[in-house]
**Student:** 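I am attaching a structure below and will ask some questions about it afterwards.
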Amino acid sequence: MKYDRFVDLVVIGGGPAGLSTAISAKKNGIDDILLLERELCLGGILNQCIHDGFGLHLFKENLTGPEYAQKQIDELKTLNISYLTDAMVINLTKSKELEFIHRTGHKLIKAKAVILAMGCRERTRFNIQIPGTRPSGIYTAGTAQNLVNLQNIKIGKNILILGSGDIGLIMARRLTLEGMNIAGVYEIMSYTAGLERNIQQCLNDYSIPLFLSSTVTEIFGKGRIEGVNIGKVDKDLKPITHSERFVKCDTLLLSVGLIPENELSKKAGVKITDFTGGAVVDSELQTNIEGIFSCGNVLQIHDLADYASLEAKRAGYFAARYIKSKQKRYNRYKINFCEKIKYASPNYIVENKEAIIVSFRIKKPAKNVVLIVKDRENNILVKKKFIRLLPSELIQIKLEREVKSDIYLEIE
Amino acid sequence: MCKNPYDVIIIGAGVVGCACGRELSKYKLNVAVLEKNTDVSEGISKGNSGVVHAGFYVPYGTLKARTNVEGFFAIPKLAAELNFPYKKIGKLVISNDKYGLTELKRLKEAGDKNGCIGLEIITEKQISHIEPKVKAKYALFSKETAIISPYLFTIALVENALKNGVDFFLNHEVIKIWKDKEFFVQTKKDTFHSKWLINAAGLYSDKISCLAGDKNHKIFPCRGEYLVTDKDNEKIINRMIYPIPPKDGASLGVHITPTTDGNILIGPSAEFINNYGLENTKQFLNEMKEDAFKMVPELKRLPIIRTYSGIRPKLIYAKTKKDFRDFVIEESKTVPKLINIIGIESPGLAAAPAIANLVLNIIGNKENLNKNEQFDAYDPKKPDFQSLSVEEKKELIKKNPDFGEIICRCETITKGELLNAINNPLGVKTLDGIKRRCRAGMGRCQGGFCTPRTIKILRKEYGIKEKDILKNENNSNLFFGKIKE
């Protein structure tokens, strides 16, 4: 094969994870980096997140999405890291050959290591199969955010939001501020999917009604959406008969979950876990394919951009170490978890001398619980009390002690 | 451009109307096609399984059988001339019991009699050899059954007909027809007149026949719902998988059909309705998944990315297999020179070219037809970036950098392809029209990422105001304008 270029490290994606991981790899001694971004400018979804609340963990200041991105972009440029926008990777192999296309041509490159940072996409009405007609005026919250914030487009006048994911909550406030009416936020679960602070700052502060255990059971309208049926659901999330009522709206926004965008990863043979939709990784964020790392929302859905960036920073560090040392892979231990936990990441632990970060998400809200991390000999590695645990929160814990066996996460 | 009065007016730009238009453009005739929607292929022609049936489902000696088999042989030639997606992938009609085996044998006999080729009854071992993920004892293997993109087929017929002089009038809903030696057809926008009137109005063909003075037809709408899976990259199945047709005679049963783009269709249901609503219902979506997963359990692994529905124009409220009605393709018995094409349900897609031929013969029997010497049967293939080799990709981007810019990441659709779609010869600028022509927005994110980019191009490069951008029909505006002027 004739390669157009050899590169030490290719980072796929220029959002909060991709930028952070490239910067981190550079700071850890890798000079030959190429970052590829498929959109027209760097920053990823941050560019359309014009609200504040970004950067509190990474930069210790309160920034808007574009400000947060700009800080990362400035650093990327200061560090002379090369990047290409409007460059879409269309193929990736397990021997780390990448095919990408750009207005300047079709390129084939070979990398020593690849970091996947492609982010995620939104679930659509078809993924959750909402019955009814298929009129215009139905948008995922993130698409609506792009149209409203970046293109100055009035997407509707009377807007109903299904799902209490963070983007939906943010959009409820945003559209209210732009003079549109929010006909309500409806959530199928008995608790919210978004962060507590967003419920307060985006809904409660604007008196936007939130309806729990309720979902859209049918969509009406020919041409443009005219309204939906809302039904209450029981404990098993099945609609309760005769609980349906018609609610008028001219727009439906969906904030019903995010899916890591791993189609490219699969092409390289990267193993995906059904728990997160992200890659199976070890504690160094390396996938089952040697030299391919994964971080940010393509690995697991994070609550905050800061957390995606921080995870990516670690991926950059480990990828740099991999490139420099070309070390053989260590033995791995498995991370197991109890029924109450939805998932834990990473999936494996590399024999280690340094601290390991494990993140997990709970299945249902819980109060006054204790998280215990044990090894195979029942030695307690971590014991942490939580007054409250919510499914909307990705909890991170640090294992300071050296791990020498499989570990088990338990909630009591 | 308008050649009023016309020799022939065709009402309805579905696959049948457009096939007629293209067939008639081979002769020196002034032809107009009137369509009420904002685009062609908006009705039955877009809401079906996209199958070119071989011809074993239909009784011998009927118009359905004759046009099906004739059309089946005509479509590959058309696909070569017009460059629409056509794949001869084959089909298995499967069964697990002796009753089913009898039915399969009956289907094969019917097919053989109708003139189908490539039919064979096979058993478990052969089935698992060619389709390892399908568990069945018996199957009718139809090697020749093919799939096409039904809307791209229709669009290809339109674009070729346009090139050969046929006029197309979109947004022209017919509201009145009268006859005074010739036909006068009044639409919401204009009045047309012609010697011949072809009623290819699909679901509304009974109403159009009525407007023209022939009240002898009635359509019973029968809705079929579908689910679309994400791309079957692992090739869980390679062929169409069908059950034994249910006893109600209303449908062929919920089947599993690969599309020419690599997705899989699950469906359709069969439900008589008293309107023309295209809803999807929870009940049928769930039932169809169950039915399909029984035939191929591994399909469960593919995410559902879309649901849709279509409506069959039935001529009877079918309850048993005896409730058979043939296609109506004839000059009206009460209104001379009105050609009614009514009740074109399955296998209408495959039959369309043959139906057009029959229509031509009806006109030819009463008129002296002269060949259109300028007729050009061919339409060049438009670049389909994803299907090109690396060398071809490099070459194309070098020639036109727009092919190096990806707009739709899920389907890998370039700006070059998008612009080709937007610049379609019919001038359709609806989002669905663009989507069907180039697949931007047809993938797993359903336009979440590419819609903003497409909208930007429509606004900035074509000067279309945000409030004027339509999804499909006339009141399907995507937006209410700008937030701040």
Side-chain angles (χ1 to χ4, degrees), chain A residues 38-40 48 86-88 90 99 101-108 118 121-137 139-140 142-143 146-157 178-180 217-224 239 250-251 259 261 263 266-267, chain B residues 227-228 231 233 277-286 303-309 385-386 390 393-394 396-398 401-406 409-410 412 414-415 431 444-449 451-453 455-456 459 466-467 470-484:
Chain A
R38 58 188 161 192
E39 283 299 318
L40 300 163
Q48 65 189 48
D86 203 10
M88 167 101 181
I90 56 172
E99 243 181 273
I101 60 169
H102 183 257
R103 293 186 70 88
T104 55
H106 175 285
K107 303 277 151 73
L108 183 66
M118 293 90 75
R121 65 172 175 269
E122 298 175 278
R123 291 174 83 193
T124 69
R125 72 164 283 199
F126 298 109
N127 292 140
I128 57 172
Q129 285 152 51
I130 307 174
T133 55
R134 297 170 300 284
S136 70
Y139 300 99
T140 52
T143 302
N146 180 307
L147 293 164
V148 170
N149 290 349
L150 298 180
Q151 296 205 52
N152 187 29
I153 286 175
K154 189 167 183 178
I155 56 161
K157 289 177 181 166
E178 291 297 353
M180 297 166 220
T217 54
E218 188 165 359
I219 292 169
F220 298 96
K222 203 177 170 299
R224 179 88 188 184
D250 58 36
T251 306
I259 306 169
E261 199 135 85
E263 280 66 30
K266 286 181 199 162
K267 285 187 183 176
Chain B
L227 299 130
V228 186
K231 298 259 158 97
N233 290 330
L278 286 168
E279 293 90 338
N280 282 120
T281 63
K282 199 176 185 91
Q283 183 201 337
F284 282 114
L285 292 180
N286 288 338
I304 301 297
I305 63 161
R306 176 84 191 181
T307 64
Y308 70 98
S309 60
F385 188 81
Q386 216 186 352
V390 170
K393 280 176 183 163
K394 280 182 194 285
L396 190 59
I397 298 172
K398 212 170 170 188
D402 282 341
F403 286 95
E405 188 178 331
I406 298 284
R409 57 173 81 162
C410 303
T412 326
T414 61
K415 189 176 176 186
L431 205 61
R444 52 190 74 87
C445 89
Q446 285 291 301
F449 288 115
T451 299
R453 285 182 86 156
I455 296 300
K456 202 169 176 180
R459 292 168 68 213
E466 35 289 285
K467 67 173 175 40
L470 298 176
K471 180 177 187 290
N472 40 40
E473 28 187 327
N474 271 318
N475 56 345
S476 67
N477 304 59
L478 284 173
F479 312 119
F480 287 77
K482 286 181 181 163
I483 289 178
K484 296 182 181 80

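Lettering follows sequence order; numbering is per chain, from 1.
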**Student:** Flag the one option from I130(A), I153(A), I101(A) with the top tally of heavy-atom pairs under 4.5 Å to chain B.
**Tutor:** I153(A)
**Student:** Which atoms of P452(B) are under 4.5 Å from chain A, going by heavy atoms: the side chain, the backbone, both sets, or neither?
**Tutor:** both
**Student:** Between Y308(B) and chain A, with a heavy-atom cut-off of 4.5 Å, which part of the residue counts as in contact: side chain, backbone, both or neither?
**Tutor:** both
**Student:** Would you mind checking which part of L470(B) comes under 4.5 Å of any heavy atom in chain A, side chain (CB onward), backbone (N, CA, C, O), both or neither?
**Tutor:** neither
**Student:** Any salt bridge linking E263(A) with K231(B)? Criterion: basic side-chain nitrogen under 4.0 Å from a carboxylate oxygen.
**Tutor:** no
**Student:** Can you see whether T140(A) engages R125(A) through a side-chain donor-acceptor pair at a distance of less than 3.5 angstrom?
**Tutor:** no
**Student:** Give, as side chain, backbone, both or neither, the part of T281(B) having an atom under 4.5 angstrom from any heavy atom of chain A.
**Tutor:** backbone
**Student:** Side chain, backbone, both or neither: which part of N233(B) has an atom under 4.5 Å from a heavy atom of chain A?
**Tutor:** neither
**Student:** Give, as side chain, backbone, both or neither, the part of K482(B) having an atom under 4.5 angstrom from any heavy atom of chain A.
**Tutor:** both
**Student:** Among G105(A), P131(A), G132(A), who wins on heavy-atom pairs under 4.5 Å with chain B?
**Tutor:** G132(A)
**Student:** Just so I understand: if I count every heavy-atom pair under 4.5 Å between each of E99(A), K157(A), E122(A), R123(A) and chain B, which residue has the most?
**Tutor:** K157(A)
**Student:** If I compare all heavy atoms of F220(A) with all of P135(A), which pair ends up nearest, and what's the gap?
**Tutor:** O-CG, 4.2 Å
**Student:** Need one label for R444(B): side chain, backbone, both or neither, based on atoms under 4.5 Å from any heavy atom in chain A.
**Tutor:** both
**Student:** Go through I90(A), D250(A), T104(A) and name the one with the most non-hydrogen pairs under 4.5 angstrom from chain B.
**Tutor:** D250(A)
**Student:** Do you know which two heavy atoms are closest between F385(B) and F403(B), and how far apart they sit?
**Tutor:** CE1-O, 3.3 Å
**Student:** Where on K456(B) is there a heavy atom nearer than 4.5 Å to chain A: the side chain, the backbone, both, or neither?
**Tutor:** both
**Student:** Measure from the side-chain N and O atoms of Q48(A) to the backbone N and O of G142(A), and report whether any donor-acceptor pair falls under 3.5 Å.
**Tutor:** yes
